Amino acid sequence: MSLIHFKIEPSQEEEHKVLNIYIDNENIIELIKKYEMQFEPQIAGGYEGPSINFLKNINEHLFGELNENDLFNYDGKTQILGCNCGEPECWPLLVKIKVNDEIVVWSEFKQPHRNEDSGEYWDYSNLKPLEFNRKQYEEQVSDISKKLKEVDNSI
């Protein structure tokens with residue numbers, strides 16, 4: 001199982017903060033970039049974490065329980081990364097989040113702008129699902145939830 005960690009960090013391009021995700025101490029953007037290099041090296045990994053300005057409920061977000069009107073919800077998949085331009089819908093990376101008794105699984109990765117109908121399909125089926133110990137995952141979600149509230153209260 002992998003370890004997950006969330007950090008609030010400055011955006012690469014804009015003047016706002018983003019939620020970055022680290023898997024086994026590596027930014028998930030790097031993990032995705034390595035996989036996407038087979039498709040289009042110039043734009044592989046062109047992501048950043050979602051802007052904290054748009055995150056309404058971090059618990060719903062990170063447990064894959066977004067309501068149908070949430071801009072990070074894509075037909076039951078959750079946007080975990082977005083374009084480094086800061087626009088949530090510009091270049092999203094989606095994942096299916098499943099919560100079981102003891103593990104949380106991220107699977108079925110998808111870049112919707114590179115779907116089968118786009119003519120430039122990026123197939124993520126060989127990208128192995130990420131599995132996390134549920135207790136460790138819940139602790140990290142709780143920690144980042146507290147930090148997001150502190151940031152919100154400081155504005």
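No experiment lies behind these values; they were computed from the predicted model shown. Heads up: numbering here begins at 1 and tracks the sequence.
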Residue pair [X] / [Y], side-chain heavy-atom distance below 4.5 Å:
| X | Y | value |
| --- | --- | --- |
| Ser11 | Ser51 | no |
| Tyr74 | Glu89 | yes |
| Asn69 | Lys56 | no |
| Arg114 | Ile43 | yes |
| Ile52 | His16 | no |
| Phe72 | Leu55 | yes |
| Gln79 | Phe54 | no |
| Phe6 | Ile58 | no |

Answer yes or no: does atom [atom1] of [X] have more than 12 heavy-atom neighbours from other residues, nucleotides or ligands under 6.0 Å?
| X | atom1 | answer |
| --- | --- | --- |
| Asn25 | CG | no |
| Glu102 | CD | no |
| Asp75 | CG | no |

request  = Would you sort out whether Ile28 and Tyr47 count as a side-chain contact (heavy atoms from CB on, under 4.5 Å), showing the intermediate values?
outcome  = CA-CA 10 Å; Ile28 195 169; Tyr47 302 102; over 6 Å; no

request  = Could you check Glu40 against Glu36 for side-chain contact (heavy atoms from CB on, under 4.5 Å), going step by step and ending with a plain yes or no?
outcome  = CA-CA 7 Å; Glu40 185 71 39; Glu36 290 181 349; over 6 Å; no

Interatomic spacing from [atom1] in [X] to [atom2] in [Y] - rounded to 0.5 Å:
| X | Y | atom1 | atom2 | result |
| --- | --- | --- | --- | --- |
| Leu19 | Lys147 | CG | NZ | 10.5 Å |
| Asn73 | His61 | CG | NE2 | 10.0 Å |
| Ser107 | Leu130 | OG | CG | 9.0 Å |
| Gln136 | His5 | CD | NE2 | 9.5 Å |
| Glu65 | Ile97 | CD | CD1 | 9.0 Å |
| Ile103 | Asn133 | CD1 | CG | 9.5 Å |

task = State whether a side-chain donor-acceptor pair under 3.5 Å links Gln140 with Tyr22.
result =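 Short answer, no.
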
Of the non-hydrogen atoms in [X] and [Y], which two are nearest, and what is the gap between them?
| X | Y | answer |
| --- | --- | --- |
| Leu94 | Lys77 | CB-CB, 4.0 Å |
| Ile80 | Ile21 | O-CD1, 3.7 Å |
| Val18 | Pro10 | CG2-O, 4.2 Å |
| Phe109 | Leu93 | CD2-CD2, 4.3 Å |
| Gly49 | Ile29 | N-CD1, 4.3 Å |

Would you say [Y] ends up clustered with [X] if hydrophobic residues are merged whenever their side chains have heavy atoms under 4.5 Å apart, either directly or through other cluster members?
| X | Y | result |
| --- | --- | --- |
| Leu127 | Val105 | no |
| Tyr137 | Leu31 | yes |
| Val95 | Met1 | no |

task = Could you give me the CA-CA distance, side-chain angles and deciding distance for Leu148 and Ile8, then say whether side-chain contact (heavy atoms from CB on, under 4.5 Å) is met?
result = CA-CA 8 Å; Leu148 285 167; Ile8 299 169; 3.6 Å; yes

[X] side chain vs [Y] backbone, donor-acceptor pair below 3.5 Å:
| X | Y | answer |
| --- | --- | --- |
| Glu116 | Tyr121 | no |
| Glu48 | Gln12 | yes |
| Asn57 | Asn59 | yes |
| Asn20 | Glu9 | no |
| Gln111 | His113 | yes |

key: Audit row: Glu108, Tyr124, side-chain hydrogen bond (donor to acceptor under 3.5 Å, both in side chains) steps and yes/no   = CA-CA 7 Å; Glu108 301 177 34; Tyr124 291 86; over 6 Å; no

task = Walk me through it: do Tyr35 and Asn126 pass the test side-chain contact (heavy atoms from CB on, under 4.5 Å)?
result = CA-CA 9 Å; Tyr35 187 83; Asn126 290 323; 3.5 Å; yes

query = Is Glu138 salt-bridged to Arg134, cutoff N-O under 4.0 Å?
reply = yes

task = Measure up the Trp122 and Phe39 rings against each other and bin them: parallel (under 30°), tilted (30 to 60°), perpendicular (over 60°).
result = parallel

